Structure formats: C-alpha cells, structure tokens
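The shown structure was predicted, so the numbers you read here are calculated from the model rather than taken from an experiment.
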Amino acid sequence: MRITLFGLAAIAIIGAFIAFVGPLFISTDDLRDTLLAQVETATGYRLRVSGPVKVALFPSLDFVAEDIGVAQGGEGEAPEMATAKELRFGLELSALFGGKVKMTEVTLIDPVIALPSGKNAATAGAGEETKPQGETGAALAALKTLSLDKLHIENGRLIMPPSGGAPGKRFEGLMLSASLPSIDAPLAFDASAVVDGKAMRASGSIGDLGRFLDGDAVPVALKISAPATLAEGATLNGIATYKGGSFALSQFTLRAGETALAGSANYKGSLLTLHPLTLNAGGNSLSGSAVADVSGAVPAINAAFTGQALNLDAVLSKQGGASSATGNDRAQQAAWSDARIDFAPLKSVTAKIKLSAGQLTYNGIKIAQANLHATIAGGKLAASLPNFKLYEGAGTLSVNVDASGQIPAQRIRLSLVNFDAYPFLDDAAGFQSIEGTGAISLDLATSGGSQRAMVAGLSGSAKFDFTDGAIRGINIAKTLRSLSTGVLSGWQENAAEKTDFATLGASFKIAKGQAETSDLRLSGPLVRMAGVGHVDLPAQTLKFRVNPQLVASLEGQGGKADLKGLGVPVVISGPWASPSIYPDIEGILQDPVAAYEQLNRLGGGLVSLPGAAGAKSVSGIDDLINNGKIAPDSLKNGAIGGIGQLLGAEAPAEPASPSDTTSQEPASESEAVVAPPKKSKKREARVEPAYKPEEAAAQALQNFFGD
C-alpha cells in the first residue's frame, strides 16, 4: 500500500512539473516539428504550419496553429488538398497515464478541402499499398485506444472532384460536429452545408466502432434533410462491415417518403455492386441489380431491372418532375415554355440500362411489353423501345439526345400501327375528336435547350392515317351549310355530332417548325374532302384550304375517288385551337356563272336540299346524315329527289293544274337559265324496280352521273 501511495505521489509531482515548468524548457518549434513528423509518418500526408503556434500543458495539452495546409506525402511538391485558417487540438494528459488517447477537441476554422480526383486517389491508394502491413495494423491498433469528445468544422468548403468536364460541386458553409466517447461506443456526426444554393443536412452513426474496425458487422444509420430536393427527407438503415479493403452494406433500406430501396451493397477497389436490389415507389415494384465503376472521371453504371407495372407519372409527380396531368388538362396547356432543360446529368455518368415492364405508363400513355434499352456516354443518350404494344396496336420508338456540345440536339423516330385511336390520343394529348384504327410515323430532329427552341427548330416528316372511324364533335355537312351565312369562328364543336369516315389521313414535311401537307384527305359515305395546308408550330397557328364534296356514293373506303359532286373550297385559318372557317371566295370567282347558278339552286346555302319531299328541315341534310351516319329512313321517296337537286340533276316536276298552266306568266331570261328542264314523257312513263332504301339512293345518285 505504501509503495502504491508513493508511486501515485511521484506521478503527481512529475505531472505538476510538466504542467508548470515544462513550457519554460520545451521549444515550441521543436514540438511543432515533432508533431508534423509524427502526423506524416502515421497518415502519409504532409502537414504545413505557416502561422504562429501556441502550446499549453494545463489542464490539458492544447495545440493551436494558424495558416495550415495538408498535401499528399511522397517525393515532389504535391498541391495541397486542404487548408485552414486555424487548427485547434486538445489532449487530456491524465488519460495518457492509463495508455489511452483522449482528445478533447479537434477544430478546423474556415477550412477548404478539395477531394482528389479518381486518378489522384488511385495514385494515393497505390502508395498506401506499398506500406508494410505492420504499419497499417499499428495504425488500427492505435485507433482502438482513441476517444474523441468533439470534432468540429466551422464554415468549411468542400470541393468535389471534376466530373464530365464540369467543375466539381461545392459544399459551402460546411458545419460538422462528431464525437466518439470510446472505441466501443457509436461514432455519431451531424453536418450541414449549402449545395448549389440549396441547404442540406445529414446526421448518422456507426455503432460500436471498435468491432467495425475488427471486421465485424455493426448497425449504421443515416438521415438526410434536403427540402429543395427531397420534400420528405430520406433515411438509411443497414448492417455495415469493413474488412480486407472491402465495405459491405447488407440488409439496407433507403426510404424517401413512400419510395423505398432495399437490398445489399458491396464496395471494393473502385466497384460498387448493388445486388439484389428492390425498388418500391408510387405503387411500383422493380427488382434487379446495378454495378458502378467509380475509377474514371465519371462513374460507369450497368443496371438491369424488371417489373410487372411501372407508372412513371406516379413517381415523377411526387418528386416534382414531369406532370401526370392527362386529358383536357394537357390539351389546354399554355404556349411553349422558355424554361431551360437541364441536360447536365448526361455528362456526369456513363451508363447502360435495361428496363423490362409488363406495362409502362408515362405522361398518361400506357405501353405494354415495354423493353427499354438506354446508353449514356459522353453527354449522349440513345434509348430504344422496340416491339412494344400500345392500345391494341404495336410500335417501335427510338430517342437520341446529344448534349456533348454547346446546344443540345434531339431526334425521335416513332412508328405505330393498328392502334385504337380514341383512347391513345385522349391519354397522350387530351385529344378527343378522332376514333378509329390509326397508324402514325414520325422522324423528327431538332436542337435547343428549351421547349420553345426545340419546337422552333423541328424538322423531318410526319404521317398519320385513320380508318373506319369518325370525327367526334362536328358534322361537316352542317358546318359547310352554315358558311353561307358568315365566317365561322372555331371548330363548331357539338358533343352530340359526329362525321363518319372510311379514311382520314395526311403526311407532313417539316422544316424549322413549319409543317406543310399537300395530301390531307377524308373519305366517307356521301362525303369526300381533300386539302393542302400549313401549320406554324411555334406560333400554334394553321392555314388550310380544303375542298369538301357531297358525292353520289354511299361507299366509304374503296369508293371511286373521281366521282363528281358539289365542291366549294373552304379556308381554315388562325390559331389551331379556334381558327376562322370561311368559303374561298377567290376560288368561287374562278367560275362565277356556275357558282351563282349552283347557289341559286341551293337557295343560298352551300350544302342544302331544297324541295326534298318528306324532309323535316328546310335543307333536308339533318335527316339525311344523323350523328355522322346515313339515316336509312331519310333515303326514301322525295329525299332522293332532293339529293338530285343538290348535285345539279333533274328534279321531279310538280303536277300543275290547268288553271295554273293557262295563267302562268312567261319566264324571264334569267329564270330560264336556272330552271330545271322538264322531264320527257318517256322518262315519266319509266317504272323503277323495287330497292331497299339504301340501294335506291345509291342507284339514283349513280344514275345522275353515270358509271
């Protein structure tokens, strides 16, 4: 006992001497040089101290140095990777007597830390591999005797390595606090910074650091708050292991709101492997794997995922990305946007991605049997979707984006055949006016960094064809008849109306946002229409000249294309949402006598049936074409004669009483021009065979023109 007491007293005396007398005899420069040498030996990094150094030994060893720098060790003068205005270091002396290293404080004021690029990191790693294994083991053993009350970084700046030719991101205003009470306790940290003007914060822990350094599995946790990017923040939990230069994270779950990523990860050398991997987001579930090689200037990723149904709209809308609006919401969107589209991510990664889904939904469009293949390299994206199914049809799609230059360039090729037009156009663009079986082909190229610029630079070709369908919301015959009373504004839409067609189509040549067509065509029962026109895509305007005709045929597709009939040129011009529609007067004046004679027979209307017996309206057209379809009952008896008058043929004469005959005044010269000739007695005596109403109409109309 006495020996023990004397020993403790001796330690106390020696400690007091060191505390009070030591600073008088120990050279600050010698202490600084010794400390710098020990740091370089232990870490392989060279420490520079250019400012004054202050050392205090009571009640703890406190070291304060100003204007410091850190560079990679070895031969030559490597550039400094970190500098700081001030470094504070505190060490509890009493713990040293127990063989422990207890640091009370490590503080960096205004540090600037530039992380080395992959090449420099690889060089540093190669240098470290040449160190004897004993030194590495000694360093780990030293860490097991370490405890840290506080690690603090105040107002720091962290600069990431350059990526894809762009400078590295900067973490400004970095604040960091960390602590390690003992080697068997969790290492905890809390950090915040500003990145691209957006505030971020992260906190987490590594449980039982000692076991972790021994290669055992320990729990880890991380929490991230980034209001500008992740509205609901993110959390990570898993089991971490570090052994033999390999870091593994198993049974991890990463959650951000309703999105969850789960699986296992392994990082060794420069390869990060994620396998297996499961993603659940917005009601979607995908499984697969990914491998990332981070040895180059930009990471290289190879990934493959599969799933039953993937709704990208549900995912992107929650992340503030592409809108999931459908139907009329998209149809009523404003003019083209001038907002810049960020193509920078294409320069920050090299990737090969495969995605297979039973159904893929994007921007309201539903695609079945989707097998997406995409590659990204050097700022260029090439994506293809071969042999997919869409609304009972089939198609192929390829998209190319080249963002390697100053102005991004884009190209799209699309081919769709035999699809159900109405649901597809409704989902894709909120367009509810066409039904039938459709075919579309696009080959378009453009350049620009905004939606407006891309539309203005659009060039290529487009073609559409629809068969056995109808134009909803409009009755073409009624619209043409209304043109005799004035210029129409808008498309004269009426949800109850419809115009049937056998074929409807056009092809366009597009240059610098201007689309031209010379083969707009529509064929349907009693209706033919051909036209030419121009669409100004940037201005969202159009100008078309069409020639609608009511023809002597009930046939649609397959009917004679050259059948004669009434045709009056019509101009459609103005904003494509609500254009003006009016007769082409210049076209009519090319033959004014014929136009006047025809209009007189029509009673002033462009398409009317005066004198149609049994018709409920003055024109008779309402009874002839009902909701886009030919009404069989309206083809009986007098309606056939009305059609004859419409097309300029002989009309049946009304029987005249003897008194009318004797009192009738001689016709004027002008009236004689337009009066229909009297039927011959031979024709009056002709007995027509019995037909069904539809057959009778067709036969009568054919008789007027002949085959």
Side-chain angles (χ1 to χ4, degrees), residues 79-86 107-118 121 151-178 189-204 222-236 254-259 261 281 292 294 297-299 301 312 315-324 334 336-351 376 378-379 381 401 403-408 448-454:
E80 291 184 340
M81 58 182 293
T83 62
K85 180 180 179 181
E86 184 176 296
T107 298
L108 289 170
I109 306 298
D110 296 340
V112 178
I113 304 170
L115 295 182
S117 63
L151 169 64
H152 183 66
I153 293 178
E154 182 178 321
N155 191 33
R157 177 186 298 171
L158 179 63
I159 305 173
M160 303 300 291
S163 176
K169 286 189 175 295
R170 292 173 175 258
F171 292 74
E172 305 285 352
L174 176 63
M175 306 292 288
L176 171 66
S177 295
F189 69 91
D190 190 341
S192 63
V194 176
V195 183
D196 296 333
K198 301 174 183 178
M200 301 178 64
R201 184 171 183 175
S203 60
L222 178 66
K223 184 177 181 180
I224 299 174
S225 175
T229 307
L230 298 172
E232 300 173 312
T235 60
L236 172 68
L254 174 63
R255 295 185 181 278
E258 298 179 0
T259 302
L261 185 68
V294 296
V298 296
I301 300 174
L312 295 180
V315 177
L316 296 176
S317 62
K318 291 183 179 294
Q319 297 178 352
S323 171
S324 60
W336 310 116
S337 172
D338 290 313
R340 300 296 297 177
I341 301 174
D342 186 12
F343 292 98
L346 296 180
K347 300 179 181 180
S348 63
V349 68
T350 297
I376 302 173
L381 165 68
V401 178
S404 61
Q406 186 175 3
I407 300 177
S450 69
Q451 190 182 64
R452 184 184 299 277
M454 292 165 63

Student check: side-chain heavy atoms of [X] and [Y] closer than 4.5 Å:
| X | Y | answer |
| --- | --- | --- |
| Ile153 | Met175 | no |
| Val349 | Ile301 | yes |
| Val294 | Pro299 | yes |
| Met160 | Arg170 | no |
| Thr235 | Leu222 | no |

What's the shortest heavy-atom distance between [X] and [Y], and which atoms?
| X | Y | value |
| --- | --- | --- |
| Ala339 | Ser450 | O-CB, 3.4 Å |
| Ser348 | Val298 | O-CB, 3.8 Å |
| Glu232 | Glu258 | OE1-N, 4.0 Å |
| Ser177 | His152 | OG-ND1, 3.5 Å |

To the nearest 0.5 Å, what is the distance between [atom1] on [X] and [atom2] on [Y]?
| X | Y | atom1 | atom2 | value |
| --- | --- | --- | --- | --- |
| Ile376 | Leu381 | CD1 | CG | 5.5 Å |
| Thr83 | Ile113 | OG1 | CD1 | 8.5 Å |
| Gln451 | Asp338 | CD | CG | 9.0 Å |
| Glu154 | Leu176 | CD | CG | 12.0 Å |

List for me each residue that meets side chain to side chain contact (heavy atoms under 4.5 Å, CB included) alongside [X], sequence neighbours excluded, and say none if there are none.
| X | result |
| --- | --- |
| Pro227 | Ser225 |
| Ala114 | Ile159 |
| Ile341 | Phe343, Met454 |
| Ala84 | Ile68, Leu108, Pro111 |

Is there a donor-acceptor pair under 3.5 Å between the side chain of Arg452 and the backbone N or O of Trp336?
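Such a contact is found between Arg452 side chain and Trp336 backbone.
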Listed partners of Arg340 passing salt bridge (charged side-chain N to carboxylate O under 4.0 Å, His left out), at least two apart
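Once residues adjacent in sequence are excluded, Arg340 has no partner under the salt bridge (charged side-chain N to carboxylate O under 4.0 Å, His left out) criterion.
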Give every donor-acceptor pair under 3.5 Å between a side-chain atom in residues 197-204 and any protein atom, sequence neighbours left out.
residue: Arg201; atom: NE; partner: Asp190; partner atom: OD1; Å: 3.1
residue: Arg201; atom: NH2; partner: Asp190; partner atom: OD2; Å: 2.7

Could you walk me through whether Leu174 and Asn155 satisfy the side chain to side chain contact (heavy atoms under 4.5 Å, CB included) test, starting with their C-alpha distance in whole Å, then the side-chain angles of each, then the deciding distance to 0.1 Å, before giving a yes or no?
CA-CA 5 Å; Leu174 176 63; Asn155 191 33; over 6 Å; no
